[in-house]
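Only this structure's heavy atoms are used, side chains among them; waters, hydrogens and symmetry mates stay out. The structure presented is a predicted model; accordingly, all values stated were derived computationally and were not measured.
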Amino acid sequence: MSDLLKLSQVSAGYGEAVVISKIDLSLKPGESLAVLGRNGTGKTTLLNTIIGVTRQRGGTIMLDGQDVTTTRPDKRAHAGIGWVPQERNIFKSLTVEENLTAVARPGAWNVSRVYEMFPRLKERRSNLGNQLSGGEQQMLAIARALVLNPKLMLLDEPTEGLAPIIIEELLAALKRIIRGEGMSAVVVEQHAQKILGVTDNAVILDRGTIVHAGSSRSLIEDPAALEQHLGVTAKKKPARAAAH
Amino acid sequence: QETVKIGLILPMTGPFASTGRQIEAAAKLYMQQKGDTVAGKKIQLIVKDDTGTADVTKRLAQELIVNDKIAVMAGFGLTPLALAPAPLATQAKVPAVVMAAATATITEASPYIVRTSFTLPQATVPMAEWAAQNGIKKVATLVSDYGPGIDAEKAFTSAFTAKGGQVENLRVPLANPDFSPFLQKVADAKPDALFVFVPSGIGAQFMKQFVERGLDKSGIKLIGPGDVTDDDLLNNMGDVALGAITTQHYSAAHDSPENKAFVEAFKKANNGMRPNFMAVGGYDDMHLIYEGLKKTNGAGGQALIDAMKGMSWTSPRGPVSIDPQTRDIIQNIYVRKVERKDGELYNVEFATIPNVKDPVKAAKSN
Amino acid sequence: MAAALETKGLIKRFGGLVATDNVSFKLEQGARHALIGPNGAGKTTFINLLTGVLTPTSGQILLEGEDITRLRPELRVQRGLARTFQINQLFPAMTPLETLGLAVSERLGGGRDWWRVIGSKREIVDEIVEIAQRFRLTDVLDERTSNLAYGKQRLLEIAVAFACRPRVLLLDEPAAGVPEAERHELLATVAALPRDVSVLLIEHDMDLVFSFADRISVLVNGALFTEGSVEEVSTDPRVRAVYLGESVDE
Amino acid sequence: MLTILFDGIAYGMLLFVLACGLAVTLGLMNFVNLAHGAFAMAGGYVTAVLMNRYGVPFLLTLPLAFIVPALAGLVLERTLYKRLYTRSHLDQVLFSIGLVFMAVAAVDYAMGSQQQMIQIPTWLQGRVEIFGIQVGLYRSFIIAVCGVLVVALQFILTQTRFGSRLRAAVDDPRVARGLGINVSVIFAATFAVGSGLAGLGGALGAEILGLDPTFPLKFMIYFLIVVTVGGTTSITGPFLASLLLGIADVAGKYYVPSLGAFVIYTLMIVVLVLRPQGLFARAR
Amino acid sequence: MQSNTADKVRSALSRRGRWSLGEIAFWLVAAGTLFFLPERHLILNEIAIIGLFALSLDLILGYAGIVSLGHAAFFGLGAYAAGILARNGVGDPLVGLGVAAIAAAILGFATSFLVLRGSDLTKLMVTLGVALVLGELANKMSWLTGGADGLQGISMGPILGLFEFDIFGTVAYTYSLVVTFVLFVLARRIVVSPYGLSLRSIHDNPLRARAVGIPVNRRLVTIYTLAAAYAGVAGALLAQTTQFVSLDVLAFHRSADVMLVLVIGGVGYLYSGLIGAVVFKVLQDVLSAWTPQYWQFWIGLILVLIVLAGRERLTDRIRALWPRSRRSLAADSPQPLQTTTAREV
Ligand SMILES: Nc1ncnc2c1ncn2[C@@H]1O[C@H](COP(=O)(O)OP(=O)(O)OP(=O)(O)O)[C@@H](O)[C@H]1O
Ligand SMILES: Nc1ncnc2c1ncn2[C@@H]1O[C@H](COP(=O)(O)OP(=O)(O)OP(=O)(O)O)[C@@H](O)[C@H]1O
Ligand SMILES: [Mg+2]
Ligand SMILES: [Mg+2]
């Protein structure tokens, strides 16, 4: 099967600075990819370049066989990308429901279905965007991307600020959607352990370049790589802080 | 060849731009007709835009005096614009010829100020007299709430009550888009006539709303100094203006050969624009300066101002002279009524009050 | 001894919604206390009430025994109550250096000082350096804050609260956006504060909560649901049902 | 008494007609377009020129008074304004004031500095008596047009997706784009409509307010007052604010003429101090 | 390592206080014009006054983020205060300046409470309203102000009892320039102090500013009052050097012009007002001499072009002449002004 998303030699940055350089990536339909890396290594920049809101400096991006390198972000969204930005960016002067209806596109995911997934949002449907709690905003950001009915979801730290029980449900749902409905996803995460159980493949970014790529499974089983690139000491409970 | 410089300071932009335009056009027309040489010297006109702001007028006047060494300055569209440079005129002994500003006191601010336009009381008092003589007993006055408006109100009220009339005063803010509450008050008061003074640009708006409210039909006569029926705008106002009775020193319809020639030349030079009372002020002022310079052989200063005093000539508006005491103009005031003439609207003069002096200063000297 | 921070019957309504429902809560001196609860339970609202960003509909707030319910926010800070925000609240057009310098000099009463250049005081400089090093901000001190990566901004957010040298520190999801590997270090920095500083932590990362806190309160639908030691709360089946889910182990 | 009320309403509606375009560009798009008055002036001049030079009937000129400024707005938006959405408000102020200066001088050059007059058709002149009060026909006409406008705008903004998409695009254009909203088209369309409304307002208002090259500067303050007092998040806000200001102004000038000039300003200050987001802003 | 960082920190922080060559050159040139441009002293005087006026607006707009479209209220009040004083026999210019500053400061203090809340637009309109009301008052109180005719009969004594104002404007310009310089030095001192930094932080994010213990309202009130006093002094300078005051010292265009001047110059580095005043006035003077009727068109065009060419980039370049305002440490390019200040937590 041909690639849904293919990045070749993509570079991007802000102003003078180049933040990510020469990234190669590809993703088949129904496949999912975790993007890991320390702070400031360019994970967000990578996602933002795929959706097109960061200025691309070089390379090409193919979406579903089309070259979208110079395509406007809204066109890319129409072509099937759903985006959950890191800072959530809820439209603050729209109600919860308007946040959804303003962007919704026809398909399997409609407003009532995302309300089922996040009942909390239904309770808050007429709150304005800036009258939501942090976690509620995160749910809304995810829901908002879903009602676009994308082929490809770009999720930038989607579990941030969510209660453990919701994370659990969200990850389960993600798994279901990817496996069951053939949606693809690129997920940026800080919780390597959690996300690797969901995605098929994983890459690790460091200073704007890919320093590790492979299947999620192999990465979980490779604590040395995790330790080296992310500093994660797998499953070791850190000692309680000295003062205790 | 020596040059004599005349500094012309006018509001060329902003809300009073049309005043500046009329005067500039008239002054240029005069120079074009009479040539730019007087007493063997070349006349140079320097036009400056003061945007209607007094401190700018003053600075421009000062620069003209200090840097350009002008012999005489002229222009001054509004009262504060004329008052601001007055001390300079005194200090530098440069005559200042006021072409537009109409508050009575201006010429008292400096012995170097002469005026070729008019003073508001000069145009207003005859209106009061005419009204009293023509069966009008009760008048409501409506003026813009600023210096000249208040001047007009005072002059009219005192002259009209002196003749036994009854007056009710109303003032509207200068920036006032809608006259309805004031007109409603007038309607409630049911006077015989409404005396109105608003700056000329606003006049048209006022006229329309006056008619829209049906006040003309309820028998209230519209009277006032000529600003509301400014010649510049009158024709465009349409029928609403018909019948308004005003007193002023100039109408484009004034019947004299001098005026016919002036109006025609003015229109020709300014693609059809009709001269108004501002224009005639500018035109006469150039005449005054030219004649003055002829007498002084091109010298400015004290000699020029002395030469101007008492000068008399026949202007497009009729016979005029400069009062040697007050340096204000003495002129005929005409009572006019807006009528249609050859398909256009004009202030048609039907009565003349000859040789009117500024009543304020006349009262003082008595 | 009075509790470091105490609320009595605190209520906040947003229209019809009761976001804080009659909360009577005590933060003991020197406590390492965590506040957890489902999304939208009212945790942030609670902090906003404590710090004066919001005014309560009714109820009382006591800081070290003194009623501060109506006190202006900045005066609470001056009395030693500092916080971090769930969503970064920084000075985007200033540099971390300036941000920290500002916080330190304000605390030292320098904000009224209008005749001296800010860098001229030694104690200020030393403290900036100390905090910057502690939060690994030295390399970005001179960058514009809005250009920093999110994680650095997050660190700055916490560093600013530290710079206020609080006696009571309220942390609203401080680890959000911080990579897994660094979270524990961050919290260790917090835990290493002098013992007389009391800390209230809101966090959804249970690893952190359990390793940091000695006491946990659970807020659900605006009301206090339960309170107890780590052991008690983490094994409470009701807490599992509404909040923890199954995957959290202890 | 009732006449005063009617006059107040009519005056308020006139203010609204003039300001509603600004309520759209400033209020909804959050673009400080001080050149609003220039578009209004354009509409006024379209009507004046068509009527006076070509004898087109008043009513027929109105659609053109909408369309011509709307097209001008569209062209300017596509070429210039669009570069300024992301800029600071100060840049927007500077830019739009620059445009105003240019418009003022250009119109002055082309049309002269004097007042332009239009003759409204006779069936709109004069007054009739309804329920014992004298009402001006033209003012009633303005009230009617205004009513239609309010209903239509309110409908579009609250009941259609266009409205929420517009607000989304204003809140966060970058993310709105990333979520499939064609921000450029929405902004261009909205801007064009805002300019068109301004033009329509100028054409309708010329009869009462007069029309000369300084129009955009002279009435700028009034537009801004209406939009600020009404709050910038809706159309009904400015509408109600216009009514309030119109009635208060007319009544104030009628009953206490000596304080007439203060009424509208003081009212504005009081309202804004008590409700800084505007009288009818959505709860935030 | 520790001391190394400390040194860097110290120098980065105190860099802002040092006078750079660019600045010194600026003031030397300004002083030089006293000798080199004797015919232009009148307009230079006006430039100095407008520059001071814009500087005062910069204090609140550029540093504290309070936009104002009614700054002429203080300018006008200062002008009238100085003018009325001089008309009633107190002709000493410095006394006039002092009284004008105090009068304007009192008005500033009283009205500062109106601009603490609300969006930028609200602040614009409230300040505008204050100025308009004041203008109407001045019109109504013609017994005191001379109303629309303007205040006449101002006669100024010599400065310090030594220097009489001359018709060439040399004394006037020297006087205005010296006053502007002194007040500039003071303002410069203030903005690099911790107090000045706290103003910038309030501008940036008032919510966070409160959360580090800054009494936001009090700071805003003080700076607003100070800026009002500055504007009052500028107004007094105008009244004293032109010996005339009319209603348009309070007019809307006065507030609008000063805003333009400041924005042209670049907002937020104190020189903005001065540079803007030079640029704007010189342009206006040249263009209006060239085409008195249509100069506005060209000014407008230039404004549009300045913005399109990236005003902020242009002014950043000027700013770069001042080392303390290195990109990252500058009172940065104005943030997009928010229409709502209600930031959600
Ligand atoms: N708007 C911007 N302007 C300039 N530089 C930026 C901007 N946004 C990010 N950067 C820089 O780009 C680099 C990468 O940032 P990015 O946000 O992509 O990192 P990230 O991997 O997502 O980090 P985090 O885990 O903190 O979210 C950082 O060093 C940051 O300083
Ligand atoms: N200004 C407001 N108006 C109306 N409702 C509000 C407002 N602010 C917050 N809320 C509601 O109050 C509830 C409590 O919000 P709060 O931010 O305190 O939750 P939280 O416990 O911090 O949640 P999270 O863990 O998601 O951050 C939420 O449901 C939110 O929608
Ligand atoms: Mg990121
Ligand atoms: Mg929260």
Distance check, rounded to the nearest 0.5 Å: B:Q209 atom CD versus D:D7 atom CG?
9.5 Å
At their closest point, which heavy atom of B:A204 faces which heavy atom of D:M117, and how far apart are they?
CB-CE, 2.9 Å
Please state whether the side chain, the backbone, both or neither of B:D145 comes within less than 4.5 Å of a heavy atom of chain D.
neither
Considering all heavy atoms, the nearest D:Q119-B:G238 contact:
NE2-CA, 3.5 Å
Tell me whether B:K185 forms a cation-pi arrangement with D:Y254, defined as NZ or CZ under 6.0 Å from the six-membered ring centre and within 45 degrees of its axis.
yes
What is the distance from atom CG of B:L183 to atom OG1 of D:T3, rounded to the nearest 0.5 Å?
12.5 Å
So OG of B:S180 and CZ of D:R139: to nearest 0.5 Å the spacing works out to 4.5 Å
Using a 6.0 Å cut-off, check whether atom CD of B:E344 has over 12 heavy atoms from anything other than its own residue.
yes
More than 12 heavy atoms from other groups under 6.0 Å of NZ on B:K138
yes
Within a radius of less than 6.0 Å around NZ of B:K267, do more than 12 heavy atoms belonging to other residues, nucleotides or ligands occur?
yes
For each of D:I118, D:I264, D:L137, tally heavy-atom pairs with chain B at distances under 4.5 Å, and name the one with the top tally.
D:I118
Between D:D108 and B:R21, is the closest basic N to carboxylate O distance under 4.0 Å?
yes
Exercise answer: donor-acceptor pairs, residues 196-213 of chain D side-chain atoms, under 3.5 Å, sequence neighbours excluded:
residue	atom	partner	partner atom	Å
D:E207	OE1	B:K208	NZ	3.0
D:D212	OD1	D:T214	N	2.7
D:D212	OD1	D:T214	OG1	2.4
D:D212	OD2	D:Q115	NE2	3.1
D:D212	OD2	D:K218	NZ	2.9

Do D:V250 and B:D178 have side-chain heavy atoms sitting under 4.5 Å apart?
yes
